[in-house]
Amino acid sequence: MLKMFQSYESEKLSLKNRIVMAPMCMYEVEKEDGIVTPFHFTHYGARALGGVGLIIVEASAVTKEGRITKNDVGIWNDDQIPNLKELVEHVHDLGSKIGIQLAHAGRKAQDEPVSYAPSAIAFSEEYQTPQKLNYDEIKETVQKFKKAAERAEKANFDMVEIHAAHGYLLNQFLSPVTNKRDDGYGQNSLADRFCLLKEVVEEVKQSFSKSVWVRISGTDYVENSTTEEEFRQIVAWLKELGIDVLHVSSGGLCNVKPTKVYPGYQTKWATLFKKEIGIPVATVGKLGDPQLASFIIEDEQADFLALGRPLLRNPNWVNEAAIVLNEKSYEPYNHSYKRGMIE
Ligand SMILES: Cc1cc2nc3c(=O)[nH]c(=O)nc-3n(C[C@H](O)[C@H](O)[C@H](O)COP(=O)(O)O)c2cc1C
């Protein structure tokens, strides 16, 4: 069987295949209370039924003011736990595993009266200038991530992913372009810029007993930002902290587009971190072609294949990929679906 379809076993996570639904904000929480709705049950349930091994629920705010928009999913209070727990059960019943992305938008919070960041520098002219977090507020933010991880544990998620990419709060602290602080969380050294992410990982690991992933960028595409060498060091530190998987993306720090976007354009960083630092990695970014997707996993360029838009377009991507790749031993979740795979 092609490796992409093979099961994955580790101490903290077992999956029926290596295909992951990347976190994608749906902005469907109309009541603005962060609580998942019937939309989310259908949306994630459909991808579970379609055969995805692991679903990562969209960026879920660890504080109210850390939402990107008012319609984000939240994990900042206990009232949000019961529906999340039901969502977990629902996806489990449909044969998939499910995790949640823990996020804080920082200066990219669009709807709040005040946004917060390492330094008072706006994302772009369309965004408000954020308030600089003081020392106590940084410590409180670490605790918010910890509490969110505790809620994820209570909701019985199989993994959590700490969002440190795409220019959100933790990414803002990592970069000298967005972090101009002079304290122990600031620009004086890479270790200082890493300090918030370090503390968040430590607390989340203490509060969540299963698999802990971190989403990080391979590059910010911004001059004078974190260098490739520095990212390597950050990844080495994350490995030392004992994270389970690194999910490698790129961009979003400033209002700058990547120079070149092509199928598999981000995989080179995932492979670099996997080979040089020796950490399991998920790769993402224009990997919807089953041949390319399978090649990346067979060739051991990455351990997990994450799909965003391909799964928005087609919840049955996994079943379709099995047809395209002529993977005869692949079994869909529902045996009647098997008939849909034969002409
Ligand atoms: C509608 C949409 C929402 C997204 N929301 C998130 C998110 O909540 N968290 C995140 O880390 N990335 C988010 N992303 C990025 C995706 O996870 C993924 O990295 C990106 O789409 C590239 O992968 P793809 O080419 O397979 O779509 C989003 C992407 C899309 C299209």
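Numbering of ligands and ligand atoms starts at 1, following listing order. The figures here come from the full heavy-atom set of this structure, side chains too, leaving out hydrogens, waters and symmetry mates.
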Verify salt bridge (charged side-chain N to carboxylate O under 4.0 Å, His left out) between K275 and E300, making sure each step is shown before the conclusion. CA-CA 10 Å; K275 306 274 182 214; E300 298 183 351; 5.1 Å; no

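Aromatic ring pairs are classed by plane angle as parallel below 30°, tilted from 30° to 60° and perpendicular above 60°; the pair F173 and Y185 is perpendicular. Using cut-offs of 30° and 60° on the angle between ring planes, the pair F41 and H90 is tilted.
Within 4.0 Å of ligand 1, protein heavy atoms come from A22, P23, M24, C25, A59, Q101, H163, H166, R215, V284, G285, K286, L307, G308, R309, P310.
Of the inter-residue distances, the one linking R151 atom CZ with D79 atom CG reads 9.5 Å to the nearest 0.5 angstrom.
For NZ of K85, the number of neighbouring non-hydrogen atoms (other residues, nucleotides, ligands) closer than 6.0 Å is 12 at most. Counting heavy atoms of neighbouring residues, nucleotides and ligands inside a 6.0 Å radius, atom NZ of K3 exceeds 12 of them.
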